[in-house]
Amino acid sequence: MTREAFVNGEYTDYNKSFIHIEDRGYQFADGVYEVFAIIESKIVDYEGHIKRLYRSLNELRIISPIQKKSYKFHIKEIIKRNIINNGLVYLQVTRGVASRDFKFPKNSKSSIVIIGKNSPSDYYNDNFNKGISVKTTNDLRWKRVDIKSLNLLPPVLAKQFAVDNNCDEAWLLDENGYITEGSSSNAWIVKNKTVITRPVSNSILNGITRSTLIKSLEKVGYKYSERRFNLNDIKDADEAFITSATQFVMPVIRVNNIKIGNGNVGKFTILFKEIYFKSISLS
Ligand code: PMP
């Protein structure tokens, strides 16, 4: 089977697909993206992701290269053509190609790329059962990380720092020592049967997984608090976990040298995973 990508209106061989060398995504990270989880060949929480894509585009004044209603068709087509059962679809839109100049080009046409891939089977469940380790590091990102832009060098460096320290994810510390979020996930702790996560602002990405989990907590009447937390709160926490489209709900069993709870996957995290999967929409 040939892997296929959707590139600027055409389906192309993944290995022969190309983008112009003066694409502003390449030169300036002048673009936005979304990652959609795929479960049994269906898109998880499509509406939330597409709404956030349009918000990101509007914030950067990038014009969508295709009609809003066409996104789903092309994502579905990528799922079909690549036989994606469980995995992800990555979608990126940039301001397009123009001779290098900081200011917006007058007549550029936005570029779009959609690719997808399967995840190794049992990858999620195996990781969930083990739990992950987290390393903290300073949040060096720009002040508009609510926009899901291609400007990803700080999280790349943070994630590598975590990996270099035998951890799976980095939690980012703001200038007051509070966790903003993970390098590519939202951060949560559980204390005294209350689940705590940082409120939405310009300093975190408003995660779609986060929103769906909050809705499902409300449905079952579980207490949650949107407030900041720091390393002292983590020391006192009974459980911790992350959320993201690719990791869903994923337990954290260690942060730096702090063992969370008894160092095993927490019972509330198991419950949250269950209620999360009951609340997702598949389309
Ligand atoms: N925060 C950051 C910085 C991220 O990169 C991600 C992953 N896209 C998230 C949070 C989680 O967002 P979502 O649940 O929409 O994947």
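Because the structure is a prediction, the values reported are computed rather than measured. As the structure lists them, so they are numbered: ligands from 1, and atoms in each ligand from 1.
Between D45 and K215, none of the side-chain N atoms (NZ, or NE/NH1/NH2) sits under 4.0 Å from a carboxylate O, so this pair counts as no salt bridge. At a threshold of 4.0 Å, the pair R198-E226 does not count as salt-bridged, since none of the basic side-chain nitrogens sits closer than that to a carboxylate oxygen.
For the side chain to side chain contact (heavy atoms under 4.5 Å, CB included) test, residues two or more places apart in sequence or in another chain that qualify with E10 are T12.
Cation-pi contact between R61 and F104: absent, since separation from the ring centre below 6.0 Å together with deviation from the ring axis within 45° is not met.
Taking the six-membered ring for Trp and thresholds of 30 and 60 degrees, H49 and F36 have ring planes inclined between 30 and 60 degrees apart.
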Working for ring pair (Phe, Tyr, Trp, His ring centres under 6.0 Å), residues Y222 and F268: CA-CA 10 Å; Y222 195 91; F268 289 114; 5.5 Å; yes
Are any protein N/O atoms closer than 3.5 Å to the N/O atoms of ligand 1? If there are, list each pair with names and the distance to one decimal place.
unit_1, atom_1, unit_2, atom_2, d
ligand 1, 1 (N), E181, OE1, 2.6
ligand 1, 8 (N), K148, NZ, 2.5
ligand 1, 14 (O), I208, N, 3.4
ligand 1, 14 (O), T209, N, 3.0
ligand 1, 14 (O), T209, OG1, 2.6
ligand 1, 15 (O), R52, NH1, 2.8
ligand 1, 15 (O), R52, NH2, 2.9
ligand 1, 15 (O), I208, N, 2.8
ligand 1, 16 (O), A245, N, 2.8

